[in-house]
Amino acid sequence: MLFIMNLSSPILVFFITIIVFLVLRFLSKTSILHILARCWRSFEDKFCVYQIFKVPQFNDLFQENQLYHKVSTYLTSLPAIEDSDSTNLFSGSKANDIILHLDKNQVIHDSFLGAGVQWSNEKYCEENNGKRTLVLKLRKKDKRTILRPYLQHILSVADQIKQKNEEIKLFMNLEKNPYENGRWTSVPFTHPATMDTMVMDGELKSKVKADLELFLKSKQYYHRLGHVWKRSYLLYGASGTGKSSFIAAMARFLSFDVYDIDMSKVSDDSDLKMLLLQTTSRSMIVIEDLDRLLTEKSKDVSLSGVLNFMDGIVSCCGEERVMVFTMNSKDQIDQSVLRPGRVDVHIQFPLCDFSAFKSLANNYLGVKEHKLFSLVEEILQGGSSLTPAEIGEIMISNRNSPSRALRLVISALQFQTSSGDARRASKAGQGMSESISARSSRDETGETGGVFCQESGAHTVKELKKLYGLLRMGSRRKESVDLSSSPEKQGSHQEA
């Protein structure tokens, strides 16, 4: 009998192996192993001394803790986040991106140099006045060995992830409860405008790019002079001339986050200072329609508050930042607001000239030359002009027929000319004779440190809107006929 058992032992080992394999496979498809692992960790915790380190999202002034952001980026990249009990899924800035984010009270396990660490996400903790906090837990005996190298590892990985993704964020001051999430709410910045797609004078564009590149390399220079490492720009011109698109192009050129301040949601001067304090380095801080804010004399924010925001002591609480202000016109603005230091570079966005028109025709219609170009040039040289946005809208609506689009642009320019003549005649008859040409010929060379493009005449937006109603009605009727006969040709169009 013993002999038989010895003979059958390999077979017995084989069957035992099969049974163990099947049992393990069954256990792997259930929560038993997970429960056993959690029990083991709980048992281990009772016999180890741990030390806790907290990384809050904001300090007492609700300034964002950059370490919190980098730790969050690092944890999001770990494979362990997919294996945790509960994880939030969000769409990324690109169409097919899916991003995993830590859930409330979620625990993530990581290891570094052979030592195990644990992260938990304590959101809306009452002890911290609702601030989000990441909590690092590690064995006390491992602290001296791994803490600082581990944190340096996190910073390095987070920086690599940021450079790889190159994701720019748009921050808005929409938060009603700053004690929960701070004053800023962010979304991915997906505006497609770039310096290459901007329709503007080539020499001016080169000057701005060179100025921005020089700024990025000038940290030591600014510090040697005792100046804060920041630069401010004023973009001024009529609505539709491309100021907002240029802000987006600047942000993409610099790879800076954008903080767009909605002044209607700023309660007072102190709130404006708080918003500035909560911005980060490598960011663009934007206030649009500054002329309207100053001329309307807001009851919430004073002129003194705006000036302190631009170059006061609070503006020195951060570096490598670009401030951008937009205006429709700076004629009625106190020159103390626009002095160097508060505004370093002035960039005017004029109405559309012939060079810009050709760029628009190429971008929107795919047309580099056309027999109607000479007529357009003649009308533009006669003083008539529209904004790039107005011309672009006509071209977009008629992109399947470049000839029709150009004829409608000519009609709009001629209408603008005739309405301008009528206005000037009316003003002359009533004795109100401040000429437009006198305004447009003012010498701008007195500005210091500015970059300028040439001014163009003004036009009445109300009258152009009436014209657009007629043009768009006509183009819709014509397009409906074209759609029934042949597929619409998609013209390439870019941001103006």
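What you see below is based on every heavy atom in this structure, not just the backbone, and it leaves out hydrogens, waters and symmetry mates.
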| With a cut-off of 6.0 Å (strictly less than), are more than 12 heavy atoms of other residues, nucleotides or ligands near CZ of Phe53? |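 Buried by this count: over 12 neighbours within 6.0 Å.
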Considering non-hydrogen atoms only, spot the tightest contact between [X] and [Y] and give its length.
X: Ala193; Y: Ser245; result: CB-O, 3.5 Å
X: Pro56; Y: Tyr68; result: O-CB, 3.6 Å
X: Ser111; Y: Val117; result: N-CG2, 4.4 Å
X: Lys169; Y: Ser186; result: CD-OG, 4.1 Å
X: Ile168; Y: Ala251; result: CD1-O, 3.6 Å
X: Leu138; Y: Leu136; result: CD2-CD2, 4.0 Å

I'd like to know if the side chain of [X] reaches the main chain of [Y], judged simply by a donor and an acceptor atom lying under 3.5 Å from each other, with no hydrogens or angles considered.
X: Lys54; Y: Thr133; value: no
X: Ser232; Y: Arg342; value: yes
X: Arg231; Y: Val345; value: no
X: Asp257; Y: Ser283; value: no
X: Asp291; Y: Met327; value: no
X: Lys330; Y: Tyr236; value: no
X: Thr76; Y: Ser72; value: yes
X: Thr326; Y: Asp289; value: yes
X: Thr241; Y: Ala238; value: yes
X: Asn398; Y: Met395; value: no

| said: Enumerate the salt bridge (charged side-chain N to carboxylate O under 4.0 Å, His left out) contacts for residues 301-310, please, sequence neighbours excluded, ordered by first and then second residue. | reply: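 Residue pairs passing salt bridge (charged side-chain N to carboxylate O under 4.0 Å, His left out), neighbours aside: none found.
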| request: For the pair Arg339 and Asp311, evaluate side chain to side chain contact (heavy atoms under 4.5 Å, CB included) and give the outcome as yes or no after the intermediate values. | output: CA-CA 11 Å; Arg339 69 164 176 78; Asp311 70 339; 2.6 Å; yes
ring-ring contact (aromatic ring centres under 6.0 Å, His included) against [X], all qualifying residues, sequence neighbours excluded:
X: His69; value: none
X: Phe171; value: Tyr259
X: Phe246; value: Phe349
X: Phe112; value: Tyr150, His153

| What residues form a side chain to side chain donor-acceptor pair (under 3.5 Å) with Ser304, not counting sequence neighbours? |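 Checked Ser304 against side chain to side chain donor-acceptor pair (under 3.5 Å); zero matches.
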| task | Could you tell me which residues satisfy side chain to side chain donor-acceptor pair (under 3.5 Å) with Ser244, sequence neighbours excluded, listed by chain and number? | result | Glu288
| task | Let me see the working for Trp119 and Val71 under side chain to side chain contact (heavy atoms under 4.5 Å, CB included), right down to the final yes or no. | result | CA-CA 10 Å; Trp119 287 96; Val71 171; 3.7 Å; yes
| message | When you compare the side chain of Phe256 with that of Arg321, does any pair of heavy atoms fall below 4.5 Å? | response | no
| Is Trp184 close to Leu275 at the side-chain level, that is, under 4.5 Å between some pair of heavy atoms? |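 Answer yes - side chains close enough.
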| said: Suppose we screen for side chain to side chain contact (heavy atoms under 4.5 Å, CB included). Which residues come up paired with Leu214, at least two apart in sequence or across chains? | reply: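 Counting only residues at least two positions away or on another chain, Leu214 forms a side chain to side chain contact (heavy atoms under 4.5 Å, CB included) with Ser218.
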| field | For Glu213, all residues meeting side chain to side chain contact (heavy atoms under 4.5 Å, CB included), sequence neighbours excluded | value |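 Once residues adjacent in sequence are excluded, the partners of Glu213 under the side chain to side chain contact (heavy atoms under 4.5 Å, CB included) criterion are Phe253.
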| task | Give every residue pair that meets the ring pair (Phe, Tyr, Trp, His ring centres under 6.0 Å) criterion with at least one member in residues 262-291, sequence neighbours excluded. | result | none
| query | Knowing that exactly one of Lys219, Lys230, His223 qualifies, which makes a side-chain hydrogen bond (donor to acceptor under 3.5 Å, both in side chains) with Glu319? | reply | His223
| query | Would Gln51 and Lys137 satisfy side chain to side chain contact (heavy atoms under 4.5 Å, CB included), going step by step from the backbone distance to the final call? | reply | CA-CA 6 Å; Gln51 191 158 353; Lys137 181 179 179 182; over 6 Å; no
| task | For the pair Lys243 and Asn328, evaluate side chain to side chain contact (heavy atoms under 4.5 Å, CB included) and give the outcome as yes or no after the intermediate values. | result | CA-CA 10 Å; Lys243 299 187 295 295; Asn328 285 345; 3.8 Å; yes
Just list the side-chain donor-acceptor pairs under 3.5 Å for residues 260-274, sequence neighbours left out, or say none.
{"residue": "Asp262", "atom": "OD1", "partner": "Ser264", "partner atom": "N", "Å": "3.1"}
{"residue": "Asp262", "atom": "OD1", "partner": "Ser264", "partner atom": "OG", "Å": "2.6"}
{"residue": "Asp262", "atom": "OD2", "partner": "Ser264", "partner atom": "OG", "Å": "3.3"}
{"residue": "Ser267", "atom": "OG", "partner": "Asp271", "partner atom": "OD2", "Å": "3.4"}
{"residue": "Asp268", "atom": "OD1", "partner": "Ser270", "partner atom": "N", "Å": "3.1"}
{"residue": "Asp268", "atom": "OD1", "partner": "Asp271", "partner atom": "N", "Å": "2.8"}
{"residue": "Asp269", "atom": "OD1", "partner": "Ser302", "partner atom": "N", "Å": "3.0"}
{"residue": "Asp269", "atom": "OD2", "partner": "Ser302", "partner atom": "OG", "Å": "2.6"}
{"residue": "Asp271", "atom": "OD1", "partner": "Arg183", "partner atom": "NE", "Å": "3.1"}
{"residue": "Asp271", "atom": "OD1", "partner": "Arg183", "partner atom": "NH2", "Å": "3.3"}
{"residue": "Asp271", "atom": "OD2", "partner": "Arg183", "partner atom": "NH2", "Å": "2.9"}
{"residue": "Asp271", "atom": "OD2", "partner": "Ser267", "partner atom": "N", "Å": "3.1"}

| message | Which residues pass the salt bridge (charged side-chain N to carboxylate O under 4.0 Å, His left out) test with Asp334, not counting sequence neighbours? | response |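 Once residues adjacent in sequence are excluded, Asp334 has no partner under the salt bridge (charged side-chain N to carboxylate O under 4.0 Å, His left out) criterion.
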| said: Can you tell me how the ring of Phe215 sits relative to the ring of Trp229, calling it parallel under 30°, perpendicular over 60° and tilted otherwise? | reply: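 Correct class here is tilted.
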